[in-house]
Amino acid sequence: KNKRLSLFTSTLAFVLLLCCVDHSCIHTWAFVMQMLWQTFWHLLIQYREYYLLFLAVSTLMLLTQRITSVSLDLQEKRGVLTPSKRQACVTLLPLISYILNFTTLLGGPLGSYGQFITLMKEGMEGINLTSPPSPLGVVFLKLMQVLMLEWVRFYLVHDFNPGILYGILSTWCLGLVLIQYYSHWKISECLNNAAGFGFWEDSSGDYFSKWSGLSDGDFWTTEASICMSQFARRWNAMTASWLRRLVYARHKHFPLFMCFGFSLWWHGLHLGHFVGFFTWAATVKADHHIHRNLFPNITPTQRKIYTFVNWINTQMVVTCIVIAVEFRNLSGLNLLSKTYIGLFPLVNIILLFIILNLNSLEQ
């Protein structure tokens, strides 16, 4: 009941805005309306935590992506919808179908409204010349990846002996256990592929790559990131693109911290979220400055060592962020304070201040 209420209220309110508000300012109205409604549900979670309410808010967050994406398309005159208010009422059905499309509301990812309409038109008109190949093989392979990831998580949860490893390494393993998003994204990707979404016709890759047009991230590619900025671009890729367009590209002052600050607001306002997202922003900023000042001045052999050390640093910092965000309260921060792993983001931030001070002295 809560899930239906949150979704249908948002959809109805956006439809009313579409019919009543000029499209040159509709994004501002839609953004404020949707984020206030979502914040209400996030605050409700802090007082009444139960599983179904979490599902409702998770789906509402995905709905926010779609509404703000369409409203931004309209305001920037990129939208498929007609700019006339009178004619816009005729296009409400495909718009509502896009917003409430269950294959993406169950777990993402975010696809554009234009791609959705194009696929629907091809399906209704029976166009066969550009129809994608059968996705069954791709869906099967991706489900095998999900089974492998879940087997690894099962082993770490049930068969992993914490007495063997202590401190940093055991906390890193806990971070891997908490990251169940890769399986979640793959299942959502399979669902969309089975429905015909996500085929990238212009891709020069193989059959498997062509069905990765709606991919939020691959475990091996993302976890192989050698720096925090690279990890930030690869992690939850479709959402990262949405944040860059919605926040980062629209702010001239402190765009990085504005982007992560909005991501904090979008995810919820728990204490662990504050610590996690601002740590992420600070370490990405530190990575930019450290790489720019250090990498050009080292030899090729030193660069290989630097890459390996930077990968370890990225893994440790991400583990701190995951534990802070997933626990959401002081228990995660207490866990980090009992191991040396919490020193990794702290060292990154200290190096950032040192480099900034040195640069200011040189200027």
Side-chain angles (χ1 to χ4, degrees), residues 168 171-172 174-175 178-179 181 217 222-237 239-295 306-363:
I168 293 176
T171 309
W172 176 66
L174 175 61
L178 291 174
I179 299 181
Y181 298 102
T222 306
E223 293 299 320
S225 301
I226 61 171
C227 59
M228 285 302 301
S229 56
Q230 189 180 69
F231 184 90
R233 289 191 299 269
R234 292 174 174 178
W235 173 263
N236 204 352
T239 296
S241 298
W242 170 69
L243 289 171
R244 281 196 297 271
R245 182 190 176 199
L246 186 71
V247 183
Y248 188 87
R250 295 168 64 85
H251 287 84
K252 295 181 180 179
H253 303 290
F254 307 106
L256 181 67
F257 285 94
M258 293 293 290
C259 187
F260 279 96
F262 172 74
S263 186
L264 159 68
W265 183 18
W266 182 63
H267 281 86
L269 301 172
H270 296 272
L271 175 62
H273 291 159
F274 277 96
V275 175
F277 281 103
F278 281 111
T279 299
W280 198 346
T283 50
V284 169
K285 188 71 173 177
D287 172 64
H288 286 160
H289 286 276
I290 294 171
H291 184 80
R292 185 173 60 188
N293 286 272
L294 183 61
F295 195 77
Y306 169 82
T307 299
F308 177 70
V309 172
N310 213 16
W311 176 79
I312 295 177
N313 174 72
T314 301
Q315 288 291 308
M316 297 300 106
V317 172
V318 168
T319 299
C320 293
I321 294 170
V322 168
I323 291 176
V325 170
E326 289 299 314
F327 279 86
R328 301 195 307 275
N329 49 36
L330 285 174
S331 60
L333 304 181
N334 290 333
L335 175 63
L336 293 175
S337 66
K338 295 177 181 178
T339 63
Y340 292 108
I341 197 170
L343 294 176
F344 281 88
L346 183 61
V347 169
N348 279 260
I349 295 171
I350 292 174
L351 287 175
L352 171 63
F353 281 110
I354 292 174
I355 291 174
L356 291 177
N357 288 330
L358 291 175
N359 289 340
S360 63
L361 291 175
E362 291 178 358
Q363 292 176 0

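Atom set for the values below is all heavy atoms of this structure, side chains included, hydrogens, waters and symmetry mates excluded. Keep in mind that this is a model prediction, so the values were computed, not measured.
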From CA spacing to verdict: side-chain contact (heavy atoms from CB on, under 4.5 Å), Leu264, Phe260: CA-CA 6 Å; Leu264 159 68; Phe260 279 96; over 6 Å; no

Would you say the side-chain atoms of Asn313 pair up with the backbone N or O of Val309, donor to acceptor, closer than 3.5 Å? no

Look up atom CG in Leu356 and atom NE2 in His289, then write down how far apart they are to the nearest 0.5 Å. 5.0 Å

If we ignore hydrogens and angles and just use 3.5 Å, is the side chain of Thr319 paired with the main-chain N or O of Gln315 as donor and acceptor? yes

Is any side-chain heavy atom of Ile355 closer than 4.5 Å to a side-chain heavy atom of Ile290? yes

What is the distance from atom OG1 of Thr222 to atom CD of Gln230, rounded to the nearest 0.5 Å? 9.5 Å

CG of Leu351 to CG of Leu294: how many Å apart, nearest 0.5 Å? 9.5 Å

Ser229 and Asp287: side-chain donor and acceptor closer than 3.5 Å? yes

Using 30° and 60° as the class boundaries, would you call the ring planes of Tyr181 and Trp235 parallel, tilted or perpendicular? perpendicular

Classify the ring geometry between His270 and His273 as parallel (under 30°), tilted (30 to 60°) or perpendicular (over 60°). perpendicular

For Phe277 and Trp266, run side-chain contact (heavy atoms from CB on, under 4.5 Å): C-alpha distance rounded to whole Å, both residues' side-chain angles, the deciding distance at 0.1 Å, then the answer. CA-CA 11 Å; Phe277 281 103; Trp266 182 63; over 6 Å; no

Please find the pair of heavy atoms, one from Leu256 and one from Ala281, that lie closest to each other, and give the distance. CD2-O, 3.6 Å

Taking all non-hydrogen atoms of both residues, which atom of Ala240 and which atom of Ala232 are closest, and how far apart? CB-O, 3.9 Å

Taken to the nearest 0.5 Å, the spacing of Leu343 CG from Asn348 CG works out to 11.0 Å

Measure across His251 and Pro255 and return the closest heavy-atom pair with its distance rounded to 0.1 Å. O-CB, 3.4 Å

Please report the C-alpha distance between Leu271 and Leu333 in whole Å, then the side-chain angles of each, then the deciding distance to 0.1 Å, and finally whether the side-chain contact (heavy atoms from CB on, under 4.5 Å) criterion is met. CA-CA 9 Å; Leu271 175 62; Leu333 304 181; 4.2 Å; yes

Roughly how far, to the nearest 0.5 Å, is the NE2 atom of His288 from the CE atom of Met228? 10.0 Å

Please name the pair of heavy atoms, one in Ala324 and one in Val275, separated by the smallest distance, quoted to 0.1 Å. CB-CG1, 4.5 Å

Strictly distance-based, threshold 3.5 Å: is any side-chain N or O of Asn334 a donor or acceptor partner for the main-chain N or O of Leu330? yes

I need the Ile341 CD1 to Leu346 CG distance, nearest 0.5 Å. 13.0 Å

If only atom types and distance count, is the side chain of Asn310 paired as donor or acceptor with the main-chain N or O of Cys227 below 3.5 Å? no

For Leu243 and Tyr248, run side-chain contact (heavy atoms from CB on, under 4.5 Å): C-alpha distance rounded to whole Å, both residues' side-chain angles, the deciding distance at 0.1 Å, then the answer. CA-CA 7 Å; Leu243 289 171; Tyr248 188 87; over 6 Å; no

Return yes if some donor-acceptor pair links the side-chain N/O of Trp280 with the main-chain N/O of Val317 below 3.5 Å, else return no. no

Mind listing the closest non-hydrogen atom pair of Arg250 and Arg245 along with its distance? CD-O, 3.4 Å

